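As the structure is a prediction and not an experimental result, all values here were calculated from the model.
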Amino acid sequence: MQANSQSGAPIIVGISGGSGAAIAARIIDTLLESRAPVVVTITAGGRQVWAQEMEEPFTRALDAWSGNSCFSFHSANQVGAPIASGSIATRGMIVAPCSMATVAGIAHGLADNLLRRAADVTLKERRPLVLIPRETPLSAIHLENMQRLSTLGATILVPAPAFYLRPRTVDDIVDYIAGKALTALDPAAFPLPASLRYSAAPEQGAGTGSSRDRAGNVVSESEEE
């Protein structure tokens, strides 16, 4: 995916303590490969889950990314970092993964760390905000908070696989979710690759207006419905 070169403003990637560290890593890698400026922040919970799921400390990835001139980083307790101010232009923010505590904090304006503050600023400045919530199940409280954020303009991008693409590995699923997140943030700059798009398959019984049920009987489309 090629970044849109017309904007030098960075994209913020926030990493909280939900499951899905690999998605954050793929998003950051893709942005840096596209030469898009990236600002990353991670919570203490995010570091803990990262170490568990990626089987390495976050500092190892941070060291690798820090060699890229497009990359910058602020710890979650640096509430005075530039991305905490709406006067600093950004192209939007992705929170991947987004814990339910982070969802609640953003939904209710609790800007008590840099990640939540940056998300709060993104909303108030009406910039794109994409949240990738952690795994299911979700309680009514979680759903209500996400509904509130959706109403406020955020995109809730549930990390559900596209089974019609027939993913064979975890990497296939991660590629899809990361691609969808970037497209949701800026579809012009990050269009979804053709390999990750839905391609309609020929319908059974196409051209005949009918198909067969499990017993082998021919049934019309209206009967199937």
Smallest separation among heavy atoms of Pro191 and Ala188, with atom names:
CD-O, 3.8 Å
Geometric class of the Phe71/Trp65 ring pair [parallel <30°, tilted 30-60°, perpendicular >60°]:
tilted
Rounded to the nearest 0.5 Å, what separates atom CD1 in Ile12 from atom OG1 in Thr41?
9.5 Å
Between Ala111 and Arg116, the two heavy atoms sitting closest are CA-CB, 4.1 Å
Let me check something: do Ile42 and Val95 share a hydrophobic cluster, defined by ILVMFWY side-chain heavy atoms less than 4.5 Å apart, either directly or through other members?
no
Smallest separation among heavy atoms of Arg197 and Leu165, with atom names:
O-CD2, 3.5 Å
Heavy atoms of Ala21 and Met54 approach each other most closely as CB-CG, 3.8 Å
Tell me, with the steps shown, if Thr102 and Leu115 meet side chain to side chain contact (heavy atoms under 4.5 Å, CB included).
CA-CA 8 Å; Thr102 298; Leu115 191 158; 3.7 Å; yes
Can Asp120 and Lys124 be counted as an ion pair, charged N to O under 4.0 angstrom?
no
Flag yes if more than 12 heavy atoms outside Glu56 fall under 6.0 Å of its CD atom; otherwise flag no.
yes
Report yes or no: do Tyr176 and Phe190 belong to one cluster of Ile/Leu/Val/Met/Phe/Trp/Tyr joined by side chain heavy-atom distances under 4.5 Å?
yes
In this structure, would Leu62 and Leu31 fall into the same cluster of hydrophobic residues linked by side-chain contacts under 4.5 Å?
yes
Do Val158 and Pro133 make a side-chain contact, defined as non-hydrogen atoms from C-beta onward lying under 4.5 Å apart?
yes
Around Leu152, counting heavy atoms of other residues, nucleotides and ligands shown, do more than 12 lie under 6.0 Å from its CG?
yes
Kindly indicate whether the side chain of Val49, heavy atoms from C-beta on, has any atom under 4.5 Å from the side chain of Arg134.
no
Would a 4.5 Å heavy-atom cut-off, applied to side chains only, mark Pro128 and Met93 as touching?
no
Interatomic spacing from CD in Gln147 to NE2 in His142 - rounded to 0.5 Å:
15.0 Å
Are the side chain of Ser16 and the backbone of Ser99 linked by a donor-acceptor contact shorter than 3.5 Å?
yes
Is there a side-chain contact between His108 and Arg148, using heavy atoms and a 4.5 Å cut-off?
yes
Verdict with reasoning, Thr90 to Ile11, per side chain to side chain contact (heavy atoms under 4.5 Å, CB included):
CA-CA 6 Å; Thr90 73; Ile11 292 169; over 6 Å; no
Using modelled atom types only, decide if a donor and an acceptor are shared between the side chain of Arg127 and the backbone of Gly86 within a distance under 3.5 Å.
yes
Student check: side-chain heavy atoms of Leu182 and Thr30 closer than 4.5 Å:
yes
Note: Ala9 and Arg91 closest approach over all heavy atoms is O-CD, 2.9 Å
Look only at the side chain of Arg35 and the backbone of Cys70, and say whether a donor-acceptor pair between them is shorter than 3.5 Å.
no
Is a side-chain N or O of Ser85 found less than 3.5 angstrom from the main chain of Ser87, in a donor-acceptor match?
yes
Donor on one side chain, acceptor on other, Ser75 and Gln78, under 3.5 Å:
yes
If hydrophobic clusters are built by linking Ile, Leu, Val, Met, Phe, Trp and Tyr wherever their side-chain heavy atoms come under 4.5 Å apart, do Leu32 and Ile94 end up in the same one?
yes
Atom pair CG (Leu138) and CG (Asn145), whose distance is rounded to the nearest 0.5 Å:
10.5 Å
Check the side chains of Thr122 and Arg117 for a donor-acceptor pair under 3.5 angstrom, ignoring hydrogens and angles.
no
Cluster link Ile106 to Leu114, ILVMFWY, side chain under 4.5 Å:
yes
Under 4.5 Å between any side-chain heavy atoms of Arg26 and Ile177, yes or no?
no
Taking the side chain as every heavy atom from C-beta outward, state whether Val40 and Val38 have any pair of such atoms under 4.5 Å apart.
yes
Which heavy-atom pair separates Ala89 from Pro10 by the least distance, and what is that distance?
O-CD, 3.4 Å
More than 12 heavy atoms of other residues, nucleotides or ligands under 6.0 Å from CD of Gln48: is that the case?
no
For residues Pro82 and His74, determine if any side-chain heavy atom of one lies less than 4.5 Å from a side-chain heavy atom of the other.
yes
I need the Leu123 CG to Leu129 CG distance, nearest 0.5 Å.
5.0 Å
For the atom pair CD1 (Ile15) and CD1 (Ile23), what is the distance rounded to the nearest 0.5 Å?
11.5 Å
Given Ile27 and Ile132, is the side chain to side chain contact (heavy atoms under 4.5 Å, CB included) satisfied, shown in steps?
CA-CA 12 Å; Ile27 289 170; Ile132 303 178; 4.1 Å; yes
Counting neighbours of OH on Tyr164 that are heavy atoms of other residues, nucleotides or ligands and sit closer than 6.0 Å, is the number greater than 12?
yes
Does Glu53 use its side chain to pair, donor to acceptor, with the backbone of Gly20 at less than 3.5 Å?
yes
Where the side chain of Thr155 meets the backbone of Leu157, is there a donor-acceptor pair that is under 3.5 Å apart?
no
Atom pair CG (Leu131) and CG (Leu149), whose distance is rounded to the nearest 0.5 Å:
6.0 Å
Is Arg166 salt-bridged to Asp172, cutoff N-O under 4.0 Å?
no
Phe58 and Phe73 aromatic ring geometry - parallel, tilted or perpendicular at 30°/60° bounds
tilted
